[in-house]
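See below for the structure under consideration.
If you read the sequence from its start, that first residue is 1, and numbering goes on from there. Each ligand, and each atom within it, is numbered from 1 in the order the structure gives. Source: prediction; values computed, not measured.
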Amino acid sequence: MSQSLIKKVRKLSEAVGLDLVLINEQSGHYQLKGGPMLVNWYPFSANRTAYVKSTKKGVKQATPEQVVKMAFSAPEVQAEKVTRNSGKAKRAKARLLKKCPFCHWCNCPLTAETATLEHIIPLKRGGLDHHNNMTLACEKCNHGRGHDMPELNKEADHA
Ligand SMILES: [Zn+2]
């Protein structure tokens with residue numbers, strides 16, 4: 001069932017120039033890259049959920065068509081993290097860049113283009129959406145932490 005879903009998503013994504021990448025074989029975490037939105041997809045989970053990066057809620061039992069479509073349009077749940085793109089978030093990012101233009105986790109140098117604003121203590125774990133709890137991370141580390149992805153979080157808790 002899941003394998004045929006994956007095949008279908010791969011086919012659909014190739015047709016529109018997206019890349020379906022297996023991120024974590026154990027958790028069955030796939031990413032759909034190359035579109036305006038990065039989609040995290042868990043075709044082997046019970047809910048077969050797809051998430052647009054930076055959103056907590058996903059589309060359950062997502063069909064291949066939905067998964068591919070999500071890479072091009074943010075679902076309504078995106079509103080939950082609207083602060084990320086707000087003027088407040090932009091100012092926070094600029095301020096942090098000025099203070100220390102390095103990734104909080106791997107120390108690589110950052111620019112306005114490569115820096116992503118990130119919560120030191122994820123909101124999911126009770127961290128505040130406040131500048132005291134914000135830092136900069138490179139795209140790679142931001143992905144790696146995966147705190148916006150509940151199904152990855154479970155793994156992290158057991159690690
Ligand atoms: Zn980093």
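Under the 4.5 Å side-chain heavy-atom criterion for Ile, Leu, Val, Met, Phe, Trp and Tyr, Phe102 and Leu96 are members of distinct hydrophobic clusters.
Ring pair Tyr42/Tyr51 is perpendicular by interplanar angle, where above 60° counts as perpendicular and below 30° as parallel.
Residue Tyr30 is tested with Asn40, Leu22, Val67 for a side chain to side chain contact (heavy atoms under 4.5 Å, CB included); the sole match is Leu22. The side chain to side chain contact (heavy atoms under 4.5 Å, CB included) test with Met70 is passed by exactly one of Leu32, Leu38, Val52: Val52.
By the neighbour-count criterion of 12 heavy atoms within 6.0 Å, atom CD of Glu25 is sparsely surrounded, having that number or fewer from other residues, nucleotides or ligands.
Sorted by chain and number, the protein atoms of type N, O or S within less than 2.8 Å of the Zn ion (ligand 1) are Cys103 SG, Cys106 SG, Cys138 SG, Cys141 SG.
Panel note: side chain Lys93, backbone Leu136; no donor-acceptor pair is recorded below 3.5 Å.
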